[in-house]
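Okay, structure first, notes after.
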Amino acid sequence: MVGPPYDCLANPLGAVRLTFEKAIGSGSHPSSFDGKDWGTVDLFRHFLFDQSHLSQVPILNLATIRWIQPNTLVRFRGMIQDMLGNEFYVGAYKDGSVWRTNKYMDFSQFPIGSSPGSRVWERRLLYCVPVPGINSWAESASEVAIDGCMNWTSQQRDKRGRMDFEAMDAKDFPVSGSNFEDSPSAKRMKEDGQDYKTEAACSGTTVVSEIDKDSFPCLVKIYDSPESELKLNDVFEFVGVLTFDSEIPAEKGDHDEFCNDYCDDDLVHLPSSKVPRLHCIIHRKLAAHDFLHTSPIIEKPHWVKDVRESLLKHLTDVLGNDGVAAHYMLLHLLSRVHSRVDNVAVGKLSLNITCLSKESVSVFGTQLSLAIKNLLPFSTCIPLTVEYLSRSSLAPKKDYQTNRLIPGVLQLAEGSHLIIDETQLETGTLNSVGVDNARLLRNLIEFQKVEYDFTYYKMEMTADVQLLILSEGKSNILPADIIMPFQPSSVGSSEVVATKALEAWRWYLATVRSLPHSIESEMQKVVEDDLVAARQTDRSIGSQDFSRWLTMGRLISSSFGETSLSLEHWQMVKELERQRRERLK
Amino acid sequence: MASDSSPAPFNNGPSSPDDSLSSPIGNTFSSPAADNSRRNRRRGRSTTPSAFATPPPPQSRFATSESTPTPQRSRSIPRQAAVSTPSSASEGLPSSEGGDDMDEATPTFVWGTNISVQDVKSAIHMFLKHFRDNNQSQGTEIFEEGKYMKAIHRVLEIEGEWLDVDAHDVFGYDSDLYTKMVRYPLEVLAIFDIVLMDIVSLINPLFEKHVQVRIYNLKTSTTMRSLNPSDIEKMVSLKGMIIRCSSIIPEIREAIFRCLVCGYFSDPIVVDRGRINEPTVCMKQECLARNSMTLVHNRCRFADKQIVRLQETPDEIPEGGTPHTVSLLMHDKLVDAGKPGDRVEVTGIYRAMCVRVGPTQRTVKSLFKTYIDCLHIKKTDKSRMLAEDPMEIDNGSRRMEEDVQFDEVKIHQLKELSRQPDIYDRLTKSLAPNIWELDDVKRGLLCQLFGGNALKLPSGASFRGDVNILLVGDPGTSKSQLLQYIHKLSPRGIYTSGRGSSAVGLTAYVSKDPETGETVLESGALVLSDRGICCIDEFDKMSENARSMLHEVMEQQTVSIAKAGIIASLNARTSVLACANPIGSRYNPRLSVIDNIHLPPTLLSRFDLIYLILDKADEQTDRHLAKHIVSLHFENPEIAQQDVLDIATLTAYVSYARKHIQPKLSDEAAEELTRGYVEMRRRGNFPGSTKKVITATPRQIESLIRLSEALARIRLSEWVEKHDVIEAFRLLEVAMQQSATDHSTGTIDMDLITTGVSASERMRRENLVSATRNIIMEKLQLGGPSVRLLELLDELKKQSSTSEVHLQDLRNAVATLAGEGFVVFHGDSVKRV
C-alpha cells in the first residue's frame, strides 16, 4: 500500500473498518479476534508515533469540545478517577454475508440483531477527569499543540471527511454489491451516516452548555488491554475516537426507569451531553516530563549543576534568604516513593516548615505556593481549619445509588504536591468527620496511603504525594519527616522569573526525580558505620532518623544528577542535619 | 431467519427477566423444537425458522390446570426424540466438539445442543430417585430412600416451593448431567422441574404448589472479574457483597382484560416473552368492539421481583482497581433474602440483554446489559443458607467461616509443611521478616495467632483459649510494626490506638437511631474483633476508664452492657495484643515493671505474656538496624529472605490450624505441666527467706496450657506433647524473667505483677514503718510539739546504718502510721496524737 486510503485523524473508524476487512479478507474468522486486536493498534501506533502525528491530534478539553467533530481522533489527558466495570457489546456480526465490526463505536451503523453468530466482546469503562490540581502551565502545554493543528484540521475536515466517506462507500459497495441488497441499503446507510453526523453535531453544541466548568470528565472505553495496565489514579493520555451517544434524555421515560433498575445504568448519571465518550485505541501513561513544553538539550556537562544552583537560588529568594530551608525544600520537591516494604513507603520526605505565624504565612506561604505551582505540574493546597476538617470530604467515597466513586480531596495523582497550611488552625472541637479526616491525613503522611470509603468496608490505596506542612509549631496532627524551623532574614522577593529558567527548572525536577539510584559497597560501609556511631552517642536516634538521612542522601546525590551516593554528598546530609538540629534546640 | 421474533437468547433477553420463571417452560417446549430444527437443518437450512415461527402455546408454571398437561405433553416429546436418538447421539459429538464455538450468541447452536431431552430426563430421574449420601450408612442403603426423595417428601410435608439440590451431588452421581446443567442451564433446569413435578404428582397428585429446583454449591466458583462473554447463558456461582437492593417490584404474570363496551372479561393472558398482548378486539362474539379492552389490575396475577446489586468482595480486587459489580435478579422467595452488607454466594445464570434505543423501537444498540438470574443465594458469613432450609444445616460444617476454602491440594501442602522438623523456627522467621531479632517475642506472637483451645464446661464455666500479650518497650523498638503486622495477618484484627480509644469505642455503646428513635447497640473494636486479635497501640496512654473495661473482656471474653434499656452481653472472644511505652518514655531498670508501665496490676495479670523489649546500647543490633535500613533504601538484596513463608501461606496455615486442629493434652504433657508448676511455685520458697514469695499463680497455669496448645497447633498436632509444655515454660520464663524480676532480690516474683509490690519490698517497708514508729515513740510526746520529717529521716539514718532510707519512703511510712491514727501528718510536720 502506498499511502493509507483513509484519514486516521478525521475518520479513524474508516481505518478501523479497513483493517478489519483486511484481516477478514486474509482468512481469519472474527472469533479469533476475541479480546484481541487485528492490526488497528499497530496502524495507529505507526501513524502517531513512528510518523509522529501525535501532536496533530487535538486534545479534548473545554475549549476544543466546541469544534471537535464526533467520530474523529482526539486525545484526552486525565487521571483515572473511577472504573465503571466492563461492558459487553456485539463486536462483530454478519450483515448479509459481510462481517462488520462495532469496535470503537457506540452504535452499529447497520442493523444487527438478526445476524447469527455475532461475536460478543467486552470493553472496560473508565471514568477520567483532568488531573486534580493541574497547574496552568502544564495545561497550556497541551493548548499549544492544539493551536498548531486547529487550522490544519478545520481546513481538512470538511473536504477530507466527505471524501473519506465517499471513498469508504465506494470501497464498501463493490464488496456488498455482489449481494442481493444493493443500492437501496447503501443509500440508506449513507443517509444514516449523515443523519448521524448532524445529530451528533447538534448534541456537540449542547455538550458545551452542560459540561461542568470545573471538571471536564471523559468516559474512556478501553479495548483489549490487561487489567493491571491501568490503575486507579494513574495519569494517562488516551488517543481514540470521540463519540456521543445519541440517547436523548426524553427517550428514557418510564420504560427505562424500570429497565434501569436492574441494569443499573451507570451511564444514566453520565449522559453523553455531560460526559463525552472516547473509544480508546492507544493509551500511554504520562510522567511529569510529558507535561513540559520542550525538553532542553543539555549543552554542558555542568548543566544539571547549574540548573540546580539557579533553582536553589530561586528557592532561597522565595524563602527569604533561608538557605538551609531552601536546601530542604529542594530535596522535598525531588522526593517520591520509590519502593514499599511492608508498610514503609521508602523515599518520601514530607517537610514541616515551622515558626510561621499567621502574618508571615501570608507573605511566605503565598510565595511558596506560587513558586511550587510554577515548578510542579500538579499541586493542591489545603487550609487546615477545624471547620474544613469537619466539613470537607477528604477521602473518596463510593456512592452506591449512582454506583460512582465520589472524588475526595485526597484522590490525587501520583507525584502530586500538597501544601497543608496549619497556621489557620485554632482550637475547637472536631466532629466525627473531622477526626476521620485528621486520621486520613496522618495515614497519608505516615504511610502514603489513603483509605477509600466503600461504606461496608474501607480499601487502602497507595499514594505518592509530597506533603508540605506550614505551621507555627511542630505539627502534631501531621508528623512530617523533617521539622524545619524557618528563619527568614529578608522578605522574599517576588521578582518575575524568566520563562526559560522556569522551563529549565521544571525539566530538571521532572527528570532528576526519576533517576535511578544505587550505593557502592564501600560507601554502604561508611554509611552504616556513621549510623551506628550516631546511635551509640545518642540513643534517641531511631530507625526513622536513619531512614530520613538515607532518603536525603539519595536525593542530594540525585539533585546533582548522579546515580550513586558519594562521600561528599553524605557529608552534606550530615551538615544539613547538624544545621537543622541547631535550630531545633 | 425471522429477525425480530426469533427467540435468540439476546432478543429474548429483555423478556426473560420479566418472565424468567415461565421462560424455562417455554424453553422446554422449544428445546424439542430445537431438536426438530436440528434434524431439519440437516435436511435443509431453509426450513429452520419454521420451528421458531410456531411458538409453543404459552403456559406458565402458575397455571393451576397445568400440572397434568405439562408432563403429558413433555412425555410425548421424548417419544418423538426417541426416533432420532441414535442419530442425535452421533451428532451430539461434533456439536460438543464445537463447544467453544457454541457461543450463546449463535441461536442455532443454542437450540441445537447435544442435549437429548429424554436422556437428560432419565438422568435426572435416576439422580433424584437413587442418589444417596456417602455418609448414609451402607447397610440400610437398599431399603432407604435416596437423599432427594426424602427431601421431596419433606418439601411436600411443609408445602415448600422449592427443592435444593447440591451440585456436588449431581456431579458425584452423573458428571455428564452436571456438565450439561452448567452449560445449558435454561433447558436442563426446565427438564429438572418437569421431572420433579412428575415425581411430586406421583406421590401426591393433589399437591397444587409448583416445586422448583434450586441448584447450589457448584464445583467451581467464578470471580466477578473473570465473568466474560463466554459465560453468558451458563450457570455460574459467585461470591460477593450485596450493596443495594431495589424495592420489591410486582411483576405481572397473567393479565385479565375487560371490555369497556360489554363488560366481558377475557381469559387470563399470560406473559409471553416479557409482553402482554392486549387484545385489540373484544372476544365476545356478540360484542367484537375494537380497542375496547382495558386491564383489570386487581384480577391480574403478580409475582415479586427484586434487583440486587452484588459487589466483589474486597479481597478479590486487584491493586489499583475499584470493585466490580453485577446485577442479580431475584424472584419470589429469594426476594429480600439478603440485605445490603451481606456477604453471599450466589448461584445463577449469567445473562445478557441488549439495550433498546428507545422503549418503542425494536432497533437495539450494540450494547448488552448483563445480570445474573438468581437461582440460589447463600449467606456465606452465616455459613448456611436461608434460615428455613433444613438440608443446608448439615452441610454447614463443611464451610469455612472465614471464607477460606481449603481444597485437598492446599491441605496436603500445609500438612507437608507441618511435617518439617523446623516448622516452629520457620514460622517464627516468617513472622514479620523485616523486624529482626526479637525471636522470642515473635514466638509468643505466633502462639497468640494460633491460640489455645477455648473450653466451656457443662457447668457454665468457660476458659478462654486466647493468648493475651503485652509488649512494653523503649521507643523505636518496632513494637508498632509488630502490631501492624499481626493486625494484617490475623483473621479479624482491629487496630486501635490507646490515645484515640474510649471505653465505649472499645466495647460497645448504645445510641439512638435518628430515624426510628430505637436504641441500638453499636459494637466497638473489641466486639468487632471477636475471634480475632485486637491490637491496641499506646496502651499506657489509654484513659483509666477505658482500660478498666478491658478487665471483663480479657478474662470473661464478653462485654456486658446495661444502659438505656438494653441489657446485653456481647461476645468478645478476642486476643488482646497491646503495646506500651514505659512511664518515662524509656525503661528505668531500677523501677519495677508496674512502676515502669504504670498499669493496674489487675490488668497486667490478665496478660499471658509480658515482653519487655528493651533497647540495649548494643553495637551489634545497631549495625543490624543500619544495615537493614540501608538495604531498604537501596534495594540491596543483602538480607536474604529465603526459607521464609509468604504471607498468604502463613495466613492459610494459621487459619487451617485454628479451624481444624483442636489439640488435647497428652498424659505425659499433663504430668510435665504439673511438675513444672509445682517447681515454679517452690522456687519462690528460697532458703533463708522467712517470707514465702508466690512465684506462680493459677492464672499462670492456664496461660501455660494455652501456650502449649498453641505450640501443638503450630505443628498441626492433635496432641500436646511434653516438649510443647517445656517450650511453653521457656516462653513464659523468658517473658517473666524480664518482666517479673524483682530487682532487689533477682528472683521471679509474681507478686510484683499481682500487687505491684514485691515481697521483699513489702518486708522492707514494714521494717521501715516499725522503725519509724519506734523513733516516734522515743522522740515524741503524746500531744507534744511536732517534728519535721527531715529530722526524723536523720534519726532513722543514724539508727539503721545498713539500708538507705529515702525521704519518700519515710513519707509513705509516716502516712501508714497516720492511717493507723498513731500520728497526725501535716505537710512536713509530724505530730503524735
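Excluded from the calculations below are hydrogen atoms, water molecules and symmetry mates; all remaining heavy atoms, backbone and side chain alike, are included. Every chain is numbered from 1, with letters handed out A, B, ... down the list of sequences.
For B:I372, no part lies near chain A; criterion is any non-hydrogen pair under 4.5 Å. Looking at A:D530, neither its backbone nor its side chain comes within 4.5 Å of chain B, counting heavy atoms on both sides. For chain B, no part of A:Y452 is nearby; none of its heavy atoms comes within less than 4.5 Å. With a threshold of 4.5 angstrom between heavy atoms, A:T462 approaches chain B through side-chain atoms but not through N, CA, C or O. Neither the backbone nor the side chain of A:I80 comes within contact range of chain B; no heavy atoms are under 4.5 Å apart. Looking at B:Q306, neither its backbone nor its side chain comes within 4.5 Å of chain A, counting heavy atoms on both sides.
Around CD of B:E312, the count of heavy atoms belonging to other residues, nucleotides or ligands within 6.0 Å exceeds 12.
Highest contact tally toward chain B, considering only A:L232, A:L550, A:D529, A:L405, is held by A:L550 [criterion: heavy-atom pairs under 4.5 Å]. With chain B as the partner, the residue from A:N233, A:V527, A:T551 showing the most heavy-atom pairs under 4.5 Å is A:T551. In terms of heavy-atom pairs under 4.5 angstrom with chain B, the leader among A:D234, A:N86, A:V346, A:L531 is A:V346. Contact count versus chain B (heavy atoms, under 4.5 Å) is highest, among A:V435, A:L565, A:V532, for A:V532.
Heavy atoms only, all atoms of each residue included: B:P323 and A:M459 are closest at CD-CE, 4.3 Å.
Expressed to the nearest 0.5 Å, how far CG of B:L227 lies from CD of A:E122 amounts to 9.0 Å.
In this structure, A:M83 and B:H324 have side chains that are not in contact, with every pair of non-hydrogen atoms separated by 4.5 Å or more.
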